[in-house]
Amino acid sequence: MNIKQKLVQIVKESLGKTVELSEPKDPKLGDYSTSIAFTLAKEKSPKDLATKLVSKIKVDPKFVERIEIGGAGFINFWLNRDFIYNFLFGILKEGTKFGSSSIGAGKRVLVEFVSANPTGPLNVANGRAAAIGGSIVRILNFTGYEVDSEYYVDDYGRQIDLLEESIKARYQELEGEKVKFPEDGYKGKYIKDIARELRISKSREFRKYGIQRIVDSQHNTLKRFGVEFGNWVYESAIRKSGSPQRVIEKIKKLTYKKDGALWLKTTKFGDEKDKVLIKSSGEFTYVVPDIAYHLNKFDRGYEWLIDLLGPDHLAHIPELKTGISICNYPQDKLKVLIVQWVTLLKGKEKIGMSKRKGEFVTLDELIDEVGRDVARFFFLTRKCESHLDFDIELAKRESKENPVYYIQYACARISSILRFAETQGIKTKFPNLSLLSRQEELLLMRKLIHFPEIVELASTELTPHYISFYLIELAALFHNFYEKHKVVSDDSELTQARLILVSAVRQVISNALSLIGIKAPEKM
RNA sequence: GCGCCUGUAGCUCAAUUGGAUAGAGCACCGGAUUUCUAAUCCGGUUGUUGAGGGUUCAAGUCCCUCCAGGCGUGCCA
């Protein structure tokens, strides 16, 4: 249980009410605050009511040392100083586990993300999904869920036919034949590379080899980006398994035939139009294997499914959920997060993104240009549903004075201090933390206390960017402290206390960075 | 046309889910080092939160109308 929950519980015991606590923006207003008096006041004065409430709250002064009323009726709480000092020891004791919790209670979750078509290299938008999805996996894991990650490979359908034709055409070109390149074919250079490789190995497995080759390269890119998947699922395998037929059997009663096709009555569930399940050609549409795939996820024992999809899949969600629900599976256990597009800019000029035309900036190129950590952080300081203008020139410029270096630098600085202290033979055997009483020290400690709460919020809201912003704030407080106070000084007692403080800061920065998959360097 | 998303400082984005004076970074200007890392710090400047109405003690946040942009609206995936 984190500090906030503990305080909520104490207030509840005193007042018989659950109050919402928040961290005031201004630290002068306390460590926690509630606006409960406003909501309960009705006709009365919130301030009077707040006074009455405060007199009822019974709390151990060793935990909360002060409760005051601020503004027009906010109730503000200050934690006891000694409690905070002890908390520092707690951070160091917990180490890499500090901030973790068990709110997930071992619940099994499957996060599916990226799932790009195997028709070309991953682009910048895929990178955004990868960074967000990967971080969500880490955060859920850290908060007590049992998490797996999965990548769905759409290796079936028109785009794959086109891929095959494109590779074949390039192959024939290499053979010296005059061929017409497919109109909507994939024009990227990688197609030629694949054709060349096939020719060397004297193989004509355009489709199979092409897919495998592209999936491999996507895998490598993701690995480079710090994202690995527990499982790769192929649509073609789902189709072969027979499970799409079983889905049709289950939802038959809500379907009808028209124009030689089989339709699902999705309008009964609020959709605009009914959707086709089986085309007049006898083939399933995309949605059927997709429903089958999601049922399969539940069958494998996952209690909660999270999908990160692009906005182009938005229209597809109602029919997917409808299908799941008709098959008597809990569609409300499927959470879909929309990761909005990335609009690429070079200065003011827009760069088109089309795999067909072969025009796009790949994730690999982005990593080459700005580096893995910078690219990740760029994506992780935005919430996923916001449209993102990604200016490559800006990103390159920012890579010099980027917030990610700002944070990493704090880590490196602390490591350097600790190394220095060690060369001086300083030991922190019996530190007296009550010497930490300067403004900058108190602000730092208070920030550390909130870390587990931020992690928890990032977990319940599925918002990794909370971690990023927390990191920026924590690093800022540290740099500020560093400029004003020397850690290693002639004052041996104070030195020991400050070494404990900065060690705790480093631990928290390091834990937070690992949640968003960014390195915490000891030197820079 | 209809549905979803977005609109916040010159630019890119936050805002603890309805709370206190709307915050960061970049950019711009000026300063700080005999010191544990200057990839740092301090100071300066920046807002009709797209517009208008409504609900509320309290609105960037909720409701309505309008404006602008993106995506969708396939027997594609």
Side-chain angles (χ1 to χ4, degrees), chain A residues 4 20-26 29 33-35 38-39 41-43 45-46 70-74 76 117 119 154 156-160 235 258-263 271-273 275-281 283 285-287 289-290 310-318 338 340-341 343 345 348 378 381-383 385-391 394-395 397-398 400-406 408-410 412-421 423-424 450 453-454 457 461 463 465-466 468-470 472-473 475-476 478-484 486-489 495 498-499 502 523-524:
Chain A
K4 189 179 189 172
E20 278 190 28
L21 292 180
S22 62
E23 178 191 352
K25 285 173 200 159
D26 188 344
L29 301 173
S33 166
T34 178
S35 59
F38 291 97
T39 40
K42 303 270 160 78
E43 261 94 82
S45 146
F74 291 93
N76 301 328
N117 283 340
T119 53
D154 291 329
Y156 187 93
R158 203 173 102 82
Q159 85 278 8
I160 298 300
E235 182 181 349
K258 197 180 92 182
D259 305 328
L262 188 74
W263 297 71
D271 214 349
E272 287 174 46
K273 281 181 183 173
K275 296 285 160 61
V276 171
L277 296 179
I278 303 179
K279 301 188 250 179
S280 50
S281 66
E283 282 183 306
T285 57
Y286 171 80
V287 67
D290 204 29
D312 52 335
H313 283 68
L314 216 56
H316 169 66
I317 299 167
I338 297 296
Q340 270 293 351
W341 289 145
T343 307
L345 302 164
K348 285 194 172 173
F378 210 102
T381 43
R382 279 117 179 114
K383 53 185 171 194
E385 70 268 28
S386 69
H387 297 254
L388 164 58
D389 283 347
F390 197 113
D391 183 341
L394 182 76
R397 215 183 313 139
E398 277 197 2
K400 283 182 189 157
E401 292 203 24
N402 195 284
V404 77
Y405 293 127
Y406 183 79
Q408 290 180 320
Y409 187 53
R413 262 185 158 173
I414 295 172
S415 301
S416 172
I417 294 170
L418 298 179
R419 281 194 298 270
F420 178 76
T423 63
Q424 304 296 302
H450 290 297
E453 296 153 20
I454 298 293
L457 204 61
E461 304 292 320
T463 45
H465 72 279
Y466 286 177
S468 310
F469 282 92
Y470 174 84
I472 292 172
E473 288 163 14
F478 168 74
H479 287 306
N480 195 281
F481 159 81
Y482 177 91
E483 294 292 332
K484 293 207 174 99
K486 246 185 114 132
V487 175
V488 179
S489 67
T495 298
R498 284 184 174 160
L499 283 172
V502 297
K523 278 185 186 171
M524 278 174 81

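Here is how names work: the chains are called A, B, and so on, in the same order as the sequence lines, proteins then strands, and each is numbered from 1.
Remark: RNA chain B forms stems of 3 or more consecutive Watson-Crick or G-U wobble pairs, all pair distances under 3.5 Å, at B:1-7 with B:67-73, B:10-13 with B:23-26, B:28-32 with B:40-44, B:50-54 with B:62-66.
For A/Glu20, the salt bridge (charged side-chain N to carboxylate O under 4.0 Å, His left out) test picks out no residue, with sequence neighbours left out. Considering only residues two or more places apart in sequence or on other chains, A/Gln424 meets the side chain to side chain contact (heavy atoms under 4.5 Å, CB included) condition with A/Phe420, A/Ile426. Remark: A/Phe38 pairs with A/Phe74 by the ring pair (Phe, Tyr, Trp, His ring centres under 6.0 Å) rule, at least two apart or across chains. The side-chain hydrogen bond (donor to acceptor under 3.5 Å, both in side chains) check on A/Gln340 picks up nothing, with sequence neighbours excluded. For A/His313, the ring pair (Phe, Tyr, Trp, His ring centres under 6.0 Å) criterion is met by no residue, not counting sequence neighbours. Remark: A/His465 engages no residue in a ring pair (Phe, Tyr, Trp, His ring centres under 6.0 Å) (not counting sequence neighbours). Remark: A/Lys25 pairs with no residue by the salt bridge (charged side-chain N to carboxylate O under 4.0 Å, His left out) rule, at least two apart or across chains. For the salt bridge (charged side-chain N to carboxylate O under 4.0 Å, His left out) test, residues two or more places apart in sequence or in another chain that qualify with A/Lys275 are A/Asp271, A/Glu319. Applying the salt bridge (charged side-chain N to carboxylate O under 4.0 Å, His left out) criterion to A/Glu283, with sequence neighbours excluded, gives A/Lys279.
Close to B/A39, at under 4.0 Å from its OP1 or OP2, lies a side-chain N or O of A/Tyr409.
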Set out, line by line, the N/O atom pairs under 3.5 Å between protein and nucleotides 14-21 of chain B.
from  : atom 1 : to       : atom 2 : distance (Å)
B/A14 : OP1    : A/Lys383 : N      : 2.6
B/A14 : OP1    : A/Ser386 : OG     : 3.0
B/A15 : OP1    : A/His465 : NE2    : 2.9
B/A15 : OP2    : A/Lys383 : NZ     : 3.2
B/U16 : N3     : A/Glu23  : O      : 3.0
B/U16 : O4     : A/Glu23  : O      : 3.1
B/U17 : N3     : A/Glu461 : OE1    : 3.4
B/U17 : O4     : A/Glu461 : OE1    : 2.4
B/U17 : O4     : A/Tyr466 : OH     : 3.2
B/G19 : N7     : A/Ser35  : OG     : 2.9
B/A20 : OP2    : A/Lys25  : NZ     : 3.0
B/A20 : N6     : A/Ser33  : OG     : 2.5
B/A20 : N6     : A/Asn76  : OD1    : 2.6
B/A20 : N1     : A/Asn76  : OD1    : 3.4
B/A20 : N1     : A/Asn76  : ND2    : 3.2

Grab the N/O contacts between the protein and nucleotides 41-47 of chain B below 3.5 Å, and write none if there aren't any.
from  : atom 1 : to       : atom 2 : distance (Å)
B/C41 : OP1    : A/Tyr406 : OH     : 2.4
B/C41 : O3'    : A/Asn480 : ND2    : 3.4
B/C42 : OP1    : A/Asn480 : ND2    : 2.3

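Under the 4.5 Å side-chain criterion, counting only non-hydrogen atoms from C-beta, A/Asp312 is in contact with A/Trp341.
Among the heavy atoms of the strands lying under 4.0 Å from A/Tyr156 are primed sugar atoms or P, OP1, OP2 only; no base atom is included.
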